[in-house]
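This structure is a prediction, so every number in the text was calculated from the model and none was measured.
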Amino acid sequence: MAIYRLLEYSLREELTERFGKETQVEIFRGAGFRACVFFAEHHLDLTLELSDFISQLQQRLEEFKIGVLRMEETQEETGTMVLTLSEDADCSGLPMLGETVCNYDEGFLSGLLTTYTKRPYTAIEVSCWATGDRVCRFRAETKEGK
């Protein structure tokens, strides 16, 4: 995990220095999105009902040591979801940084939900280990529902 974090945070700093924070965040979200589309298409059964899909996803994320996913809330009528990710490589165990840092995971979850539902999703981190929480929490919404 140390090598992954070294790569991630050095890339984060380099991109921020060259292009600014906003572009760095967009790049990390885009990379996470692309990675998860590939992951979902090659490692998940996208035909399962939501509860079975989430169970399968939880197993795969743990197998690949990506993290421990929990679904906290689902609003079927709006498509809004609240998910948590713990023991993830991005930030579990980091000191307080005063800001959310899991932009790659935002993209990853957006890509996952977009691929599974075939509806455009956006996931935004609302709490993070780096802001003092013990899990990273994401609110995912369809772009259609906004």
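Atom NZ of Lys21 has more than 12 heavy atoms from other residues, nucleotides or ligands within 6.0 Å. Around atom CD of Glu41, more than 12 heavy atoms belonging to other residues, nucleotides or ligands sit under 6.0 Å away. In this structure, Glu73 places its CD atom where more than 12 heavy-atom neighbours from other residues, nucleotides or ligands lie under 6.0 Å away.
Contact check for Leu85 versus Cys102: no side-chain heavy atoms found under the 4.5 Å cut-off. Residues Leu61 and Phe39 meet the side-chain proximity criterion, which asks for heavy atoms closer than 4.5 Å. Taking the side chain as every heavy atom from C-beta outward, Ile124 and Glu106 approach each other to under 4.5 Å. Put simply, the side chain of Cys136 reaches to within 4.5 Å of the side chain of Asp88, judged on heavy atoms. In this structure the side chain of Leu46 never reaches within 4.5 angstrom of the side chain of Gln56, judged on heavy atoms.
Remark: side-chain polar atoms of Thr74 are not paired, donor with acceptor, to backbone N or O of Met81 under 3.5 angstrom. Within the 3.5 Å criterion, the main-chain N or O of Tyr121 finds a donor-acceptor partner in the side chain of Thr114.
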Could you walk me through whether Asp105 and Glu125 pass side chain to side chain contact (heavy atoms under 4.5 Å, CB included), step by step?
CA-CA 8 Å; Asp105 290 342; Glu125 188 174 27; over 6 Å; no
Step by step, would you call Arg70 with Gln58 a side chain to side chain contact (heavy atoms under 4.5 Å, CB included)?
CA-CA 8 Å; Arg70 297 287 177 252; Gln58 290 169 324; 3.6 Å; yes
Could you walk me through whether Leu112 and Leu44 pass the side chain to side chain contact (heavy atoms under 4.5 Å, CB included) check?
CA-CA 10 Å; Leu112 170 76; Leu44 300 172; 3.7 Å; yes
Is there a side chain to side chain contact (heavy atoms under 4.5 Å, CB included) between Thr131 and Thr100 once you walk through the steps?
CA-CA 6 Å; Thr131 60; Thr100 60; 4.1 Å; yes
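Separation of atoms CZ (Arg134) and SG (Cys128) is listed at 11.5 Å; rounding is to 0.5 Å. Atom-to-atom distance recorded for Tyr104:OH and Ile27:CD1 is 14.0 Å, nearest 0.5 angstrom. Annotation: the span from Arg5 atom CZ to Leu7 atom CG amounts to 12.5 Å, rounded to 0.5 Å. Atom CZ of Arg139 sits about 11.0 Å away from atom CG of Leu83, to the nearest 0.5 Å. In this structure, CZ on Arg60 lies 11.5 Å from OG on Ser55, to the nearest 0.5 angstrom. Note: Asn103 CG to Glu8 CD = 8.5 Å, rounded to the nearest 0.5 Å.
Following chains of ILVMFWY side-chain contacts shorter than 4.5 Å, one cannot reach Leu69 starting from Val82, and the two form parts of different hydrophobic clusters. Cluster annotation: Leu48 is connected to Phe64 through the hydrophobic network of ILVMFWY side chains, with a link wherever side-chain heavy atoms come within less than 4.5 Å. Linking ILVMFWY residues whenever their side-chain heavy atoms come closer than 4.5 Å, directly or via other members, leaves Met71 and Val68 in distinct clusters. A chain of hydrophobic side-chain contacts below 4.5 Å, direct or via other Ile, Leu, Val, Met, Phe, Trp or Tyr residues, connects Ile66 to Phe138. Following chains of ILVMFWY side-chain contacts shorter than 4.5 Å, one cannot reach Phe33 starting from Leu57, and the two form parts of different hydrophobic clusters.
Residues Glu49 and Tyr116 share a closest heavy-atom pair of C-OH, 3.2 Å. Between Asp45 and Phe53 the shortest heavy-atom distance is O-CD1, 3.5 Å.
With a 4.5 Å cut-off between side-chain heavy atoms of Ile, Leu, Val, Met, Phe, Trp and Tyr, the cluster of Leu94 takes in Tyr9, Leu97, Val101, Trp129.
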